[in-house]
Number of protein chains: 2
Amino acid sequence: MQHQMEIENSELFQILSNTNHSFFPEPASSTMQQSFSGSFSCYPFEAFDAPPHEDKALAALRNHKEAEKRRRERINSHLNKLRTLLPCNSKTDKASLLAKVVQRVKELKQQISETTESETFPSETDEISVLSTTGDDGGGDGDGRLTLKASLCCEDRSDLIPDLVEILKSLHLRTLKAEMATLGGRTRNVLVVTTDKEHGVESIKFLHNSLKSLLEQSNSNAISKRRRVLGPNSIA
Amino acid sequence: MQHQMEIENSELFQILSNTNHSFFPEPASSTMQQSFSGSFSCYPFEAFDAPPHEDKALAALRNHKEAEKRRRERINSHLNKLRTLLPCNSKTDKASLLAKVVQRVKELKQQISETTESETFPSETDEISVLSTTGDDGGGDGDGRLTLKASLCCEDRSDLIPDLVEILKSLHLRTLKAEMATLGGRTRNVLVVTTDKEHGVESIKFLHNSLKSLLEQSNSNAISKRRRVLGPNSIA
DNA sequence: AGGCACACGTGAAAC
DNA sequence: TGTTTCACGTGTGCC
């Protein structure tokens with residue numbers, strides 16, 4: 001703690017020299033919140049010998065002050081840009097804003113991965129799966145909605161697609177992604193959907209049942225009725 | 001500016017009272033960067049009458065100091081959380097970090113909308129379109145890759161899908177989304193793909209030509225050869 | 001009053 | 001070397 005005397009001298013020096021007023025012609029209308037305007041005629045150190053290159057030190061201090069102001073403005077401008085990108089007004093706290101940003105980035109990344117990382121290979125067996133891909137690690141935001149990934153693998157019967165669309169519409173499911181691949185006469189459809197605000201969990205069972213009956217209808221009409229096996233991913 | 005005298009008095013008061021050292025038993029090893037430890041025996045105002053409830057004011061000051069520290073820690077913790085969510089190490093600047101966050105949020109939102117907001121209605125005419133959906137307004141990040149939205153509308157011939165997949169694979173295009181809808185015996189496929197790091201712009205033409213030959217092959221084999229019109233969106 | 005949030009200027013450390 | 005970034009304590013305005 002040998003530098004405390006330096007600090008003390010520096011602060012006292014600024015008080016004595018009345019920096020902003022006497023030396024630097026800064027705009028007088030600026031927000032000078034911490035400047036001094038009173039006179040110090042009673043101060044005992046009024047006339048003191050000028051240290052060598054004290055103006056250098058003052059200039060450096062002024063540069064430092066302005067650079068710091070620029071840095072603050074840069075950070076705040078980015079913060080304001082973030083305010084426009086998020087559902088939030090301009091009066092939200094800096095900390096709350098950053099919390100919202102963290103949550104939003106997590107949500108977006110999860111949604112991207114849900115709509116992207118589905119590898120679709122039609123298998124030899126008929127399969128239905130409805131998986132709830134809940135973000136389990138960090139967020140726990142839980143705004144009522146749920147993201148489901150439904151997979152349907154069966155004979156290549158493209159006329160089933162309209163029925164599938166009807167199912168989604170009747171369950172009020174919004175389709176984030178619909179992927180379809182055919183291989184050797186078989187097809188796999190992967191649907192990534194978000195549920196309604198309220199009926200999140202029930203949608204899983206309903207969707208699964210609807211897909212099941214769709215698959216049965218498909219097989220009853222299909223030309224080849226060889227394979228009719230439910231895969232291991234299916235939910236009872 | 002009638003409050004400047006108050007500020008001056010306040011600061012002088014702290015200098016005189018030597019706050020952190022005399023009154024508050026804070027841990028001596030803490031980072032007391034702006035405290036004073038020198039003696040002020042030469043100061044003319046050494047003995048002054050104690051203001052009423054000055055300890056209250058000092059306690060308030062201490063509360064203020066600690067609250068501000070808590071606020072800083074809250075903000076910095078969110079900032080560090082963001083550091084883990086982005087491709088950046090822990091030594092990136094606060095401002096640069098926020099700039100990256102802004103850019104990333106924009107990218108993610110754009111990617112989401114690209115893979116989501118495609119409305120797929122099969123039309124009566126055969127159509128090919130390959131559109132480059134470049135984020136034109138703010139970012140200009142341009143890391144070489146390009147996001148294309150390819151649309152193919154033709155007779156419902158689901159056996160064309162494998163050829164389509166082959167085309168994408170040969171052009172090194174990564175599929176972000178593949179959407180397919182059928183209506184009245186016709187189908188429309190919308191593919192959202194990202195190009196390779198290098199061959200971004202050429203992929204547009206190549207993809208368009210490949211889809212064109214695919215469509216011609218489809219029509220030459222199709223049962224009904226009624227419609228064979230290229231839509232207005234087609235390139236070259 | 002009193003808590004909360006912000007901007008400011010400044011010392012210190014890194015490069 | 002000076003430039004840049006950070007944490008800190010503080011003044012001030014707004015509930």
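Each chain gets a letter, A, B and so on, in the order the sequences are listed, and its residues count up from 1. Quantities reported herein were computed from a predicted structural model and do not represent experimental measurements.
- For dA7(D), the OP1/OP2 oxygens have no side-chain nitrogen or oxygen of Lys69(B) closer than 4.0 Å.
- What separates CG of Leu98(A) from C1' of dC6(C) is a distance of 14 Å, to the nearest Å.
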(message) I'd like to know whether Val192(A) forms a side chain to side chain contact (heavy atoms under 4.5 Å, CB included) with Leu148(A), so could you lay out the CA-CA distance, the side-chain angles of the two residues, the decisive distance to 0.1 Å, and finally the verdict.
(response) CA-CA 6 Å; Val192(A) 181; Leu148(A) 306 181; over 6 Å; no
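- How far CG of Leu173(B) is from OG of Ser203(B): 5.5 Å, rounded to the nearest 0.5 Å.
- Rounded to whole Å, the distance from NE2 on His64(B) to C1' on dC4(C) is 9 Å.
- The backbone N or O of Leu146(B) sits less than 3.5 Å from a side-chain atom of Thr195(B), completing a donor-acceptor pair.
- For the helix from dG2(C)-dC15(D) to dC15(C)-dG2(D), the axis fitted to the five pairs at one end and the axis fitted to the five pairs at the other end meet at an angle of 0° (nearest 10 degrees).
- Across the protein-nucleic acid pair, Leu58(A) atom CG and dT10(C) atom C1' stand 13 Å apart, rounded to whole Å.
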Starting from the C-alpha separation in whole Å, work towards a yes-or-no answer on salt bridge (charged side-chain N to carboxylate O under 4.0 Å, His left out) for Glu66(A) and Lys69(A). CA-CA 5 Å; Glu66(A) 291 169 352; Lys69(A) 185 170 179 59; over 6 Å; no
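- Between Ile204(A) atom CD1 and Leu131(A) atom CG the span is 9.0 Å, to the nearest 0.5 Å.
- Under a 3.5 Å cut-off, the side chain of His208(A) and the backbone N or O of Val130(A) do not form any donor-acceptor pair.
- Within the structure, every side-chain polar atom (N or O) of Arg71(A) is placed at least 4.0 Å from both OP1 and OP2 of dT4(D).
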Exercise for review: Before giving the answer on side chain to side chain contact (heavy atoms under 4.5 Å, CB included), spell out for Leu108(A) and Arg104(A) the whole-Å C-alpha distance, their side-chain angles and the decisive distance to 0.1 Å.
Suggested key: CA-CA 6 Å; Leu108(A) 291 177; Arg104(A) 195 87 179 101; 4.0 Å; yes
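- Summarising the geometry, the separation between CZ on Arg70(B) and P on dC4(C) is reported as 7 Å, rounded to the nearest angstrom.
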N/O contacts under 3.5 Å, protein versus nucleotides 1-3 of chain C?
none

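- Between Glu107(A) and Gln103(A), the side chains place a donor N or O and an acceptor N or O closer than 3.5 Å (distance only, hydrogens not considered).
- Atoms CZ and NZ, on Arg71(A) and Lys94(B) in that order, are 5.5 Å from each other to the nearest 0.5 Å.
- Side-chain atoms of Lys109(A) come within 3.5 Å of backbone atoms of Leu85(B) as a donor-acceptor pair (strictly under, hydrogens ignored).
- Using a 4.0 Å cutoff on non-hydrogen atoms, the parts of residues 72-97 of chain B near DNA chain C are Arg74(B), ordered by number.
- Panel note: side chain Ser96(A), backbone Thr92(A); no donor-acceptor pair is recorded below 3.5 Å.
- Checked against dC6(C), dT10(C), dC8(D), the side chain of Glu68(A) finds its nearest nucleotide in dT10(C).
- For the pair Lys65(B) NZ and dC8(D) C1', the interatomic distance rounds to 10 Å; values are reported in whole Å.
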